[in-house]
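Here the structure comes first, spelled out in structure tokens, and everything after it is commentary.
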Number of protein chains: 2
Amino acid sequence: MSAHNQLAIVASCAGDPARANMLSMLMDGRAFTAGELSAAAGVMPQTASGHLARMVDAGLLVVAQQGRHRYYRLASLQVGQMLEGMMVVAAADPSARRFGPRDQAMRFARTCYDHLAGQLAIGIADRLVAAGHLVLADDGGEVTASGRAFLSRQGLDLHAQPHRAFCRPCLDWSERRYHLAGTLGTRIKESFLAQGWIVQKPASRTVEVTRLGRRKIRDIYGVRLES
Amino acid sequence: MSAHNQLAIVASCAGDPARANMLSMLMDGRAFTAGELSAAAGVMPQTASGHLARMVDAGLLVVAQQGRHRYYRLASLQVGQMLEGMMVVAAADPSARRFGPRDQAMRFARTCYDHLAGQLAIGIADRLVAAGHLVLADDGGEVTASGRAFLSRQGLDLHAQPHRAFCRPCLDWSERRYHLAGTLGTRIKESFLAQGWIVQKPASRTVEVTRLGRRKIRDIYGVRLES
DNA sequence: GGGATGTTTCGGAATCGGCCGAAGCGTCGG
DNA sequence: CCGACGCTTCGGCCGATTCCGAAACATCCC
């Protein structure tokens with residue numbers, strides 16, 4: 001009944017392979033149907049249903065009914081951040097440094113709750129830091145004056161949201177380096193999507209960079225994307 | 001074998017009540033012996049031993065032998081941040097807003113890996129902000145000129161550490177508000193400890209404010225501590 | 001050396017939790 | 001109205017995990 005007990009309840013939700021797979025898929029912030037999540041977890045629908053109910057009960061997920069579909073998504077930004085933190089620790093284990101081909105596309109570019117991650121996001125963060133537009137330390141980040149000027153020239157809305165870090169470093173689990181999160185990270189992702197530089201794959205967190213995106217990201221951010 | 005699977009392994013470590021209790025205790029960054037952790041978890045030593053071995057294996061804990069004692073502590077700052085994120089989510093569940101008397105002392109004052117948390121830490125952060133010594137925005141924190149003068153008068157070392165934010169807001173899971181983290185947060189905790197204003201309870205994250213500490217914190221920081 | 005203490009390993013019992021088959025409920029389309 | 005579809009609930013099986021008693025190992029103190 002104490003707070004510690006509640007910690008165990010929350011943690012055990014992510015502590016099962018089927019649920020971990022579902023949570024991984026939901027980490028991009030989108031909502032998925034029970035059927036999609038059941039396929040991603042590799043279990044029968046009735047098994048997935050039980051898992052999903054449990055996660056809703058623990059406060060990790062919320063559900064919205066739409067016709068005969070039920071859409072599940074992460075309950076809050078905090079849940080996404082919790083999962084990010086867990087991915088960082090999980091990927092740090094040297095005994096698990098094996099990545100299959102399925103992971104390769106995800107290592108290249110993916111969404112991380114509400115911002116971009118993978119080599120694409122790290123490239124952008126690196127260039128912004130190198131250009132003096134950004135400072136990313138281990139537990140905090142900051143946009144410089146030149147950074148504000150540069151980013152607003154790209155048409156990005158630089159207004160902070162209440163109760164939300166504007167510029168936050170997020171340790172990339174696949175690359176073990178920092179990329180950009182927080183409100184600014186969200187704005188960049190939204191801007192890339194809106195301009196057609198990237199497209200989200202229908203049932204995965206993987207992101208595909210379009211031909212236009214490749215050119216623009218190279219010209220504006222100086223990031224050269226291979227493969 | 002994929003990264004998702006590793007997530008489940010890490011998460012399941014915290015997903016057992018006994019292990020969750022141990023991790024909660026270890027969250028203040030100190031090292032504890034297997035015996036202390038077994039008592040905190042409420043299980044027999046031989047049971048705790050198995051749990052601890054499993055967490056070391058998963059990369060959450062590291063162990064150091066000292067004589068006939070074995071001291072366990074969190075393996076990295078990232079593990080602490082992961083647990084902090086899990087506590088935020090766990091405490092957010094409205095169905096678990098019940099706090100027993102044991103939690104009351106922890107809500108009042110405790111350590112959060114390397115800085116102070118709870119009502120004490122929030123009171124100090126509030127007063128520093130109100131006095132214009134500190135700006136704690138959602139996009140990070142900053143110490144003002146008057147703040148630097150004030151804090152150095154208190155004998156605090158204001159030199160920044162490389163790769164570490166100097167002043168960072170940290171969401172308090174028990175109060176749902178920001179307190180002070182980063183290098184400055186660490187310095188304040190160290191200073192309070194060194195001056196005998198607070199003492200760490202031997203086997204818990206709870207911090208006790210001494211009579212001297214109560215007076216000093218009231219006189220210098222203007223925080224009136226009840227209870 | 002001998003006894004006490006702290007910690008780990010082993011083995012067996014009980015329990016917990018995941019999984020799927022079968023069945024029930026609501027929604028959509030014709 | 002009927003069948004198809006998506007999802008959930010129920011019941012039983014089974015493997016995994018937790019727990020502790022007993023015993024072994026290491027270290028400290030006398």
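Below, chain A is the first sequence line, B the second, and so on; all start at residue 1.
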Rounding to a whole Å, what distance do you find between [X]:[atom1] and [N]:[atom2]?
| X | N | atom1 | atom2 | result |
| --- | --- | --- | --- | --- |
| B/His51 | C/dT8 | NE2 | C1' | 14 Å |
| B/Arg19 | D/dT18 | CZ | C1' | 9 Å |
| B/Gln65 | D/dT27 | CD | P | 7 Å |
| B/Met44 | C/dT7 | CE | P | 14 Å |
| B/Leu37 | C/dT7 | CG | P | 9 Å |
| B/Met55 | D/dT18 | CE | P | 11 Å |
| A/Tyr71 | D/dG6 | OH | P | 11 Å |
| B/Asp16 | D/dA16 | CG | P | 18 Å |

Inset, instruction - For A/Leu212 and A/Gln195, work out which heavy atoms get closest and say how close. - result: CD2-O, 3.6 Å
Inset, instruction - Provide the closest heavy-atom pair for A/Ala181 versus A/Cys170 in the form atom of the first, atom of the second, distance. - result: CB-CB, 3.7 Å
Please determine if a side-chain N or O atom of [X] lies less than 4.0 Å away from the OP1 or OP2 oxygen of [N].
| X | N | result |
| --- | --- | --- |
| B/Arg54 | D/dT18 | yes |
| A/Arg70 | D/dT8 | yes |
| A/Thr47 | C/dC19 | no |
| B/His69 | C/dT5 | no |

Inset, instruction - Could you check A/Val209, A/Leu120, A/Thr206 and say which one makes a side-chain contact (heavy atoms from CB on, under 4.5 Å) with A/Phe108? - result: A/Val209
Inset, instruction - Using a heavy-atom cut-off of under 4.0 Å over every strand shown, decide if B/Ser38 touches base, sugar-phosphate, or nothing. - result: nothing
Inset, instruction - Just call it for A/Tyr72: base, sugar-phosphate, or nothing, with non-hydrogen atoms closer than 4.0 Å on any strand. - result: sugar-phosphate
Legend entry - Step-by-step salt bridge (Lys or Arg N to Asp or Glu O under 4.0 Å) determination, B/Asp172 to B/Arg110: CA-CA 11 Å; B/Asp172 196 294; B/Arg110 67 178 181 279; 3.0 Å; yes
Inset, instruction - Find which nucleotide of DNA chain C each of B/Gly35 and A/Gln46 is nearest to by heavy atoms, and output the residue with the more 5' nucleotide. - result: B/Gly35
Inset, instruction - Examine the base of C/dT5 for any acceptor or donor lying under 3.5 Å from a partner atom in the side chain of B/Arg68, and report the outcome as yes or no. - result: yes
Legend entry - Salt-bridge criterion met for A/Glu84 and A/Arg168 (N-O under 4.0 Å): yes
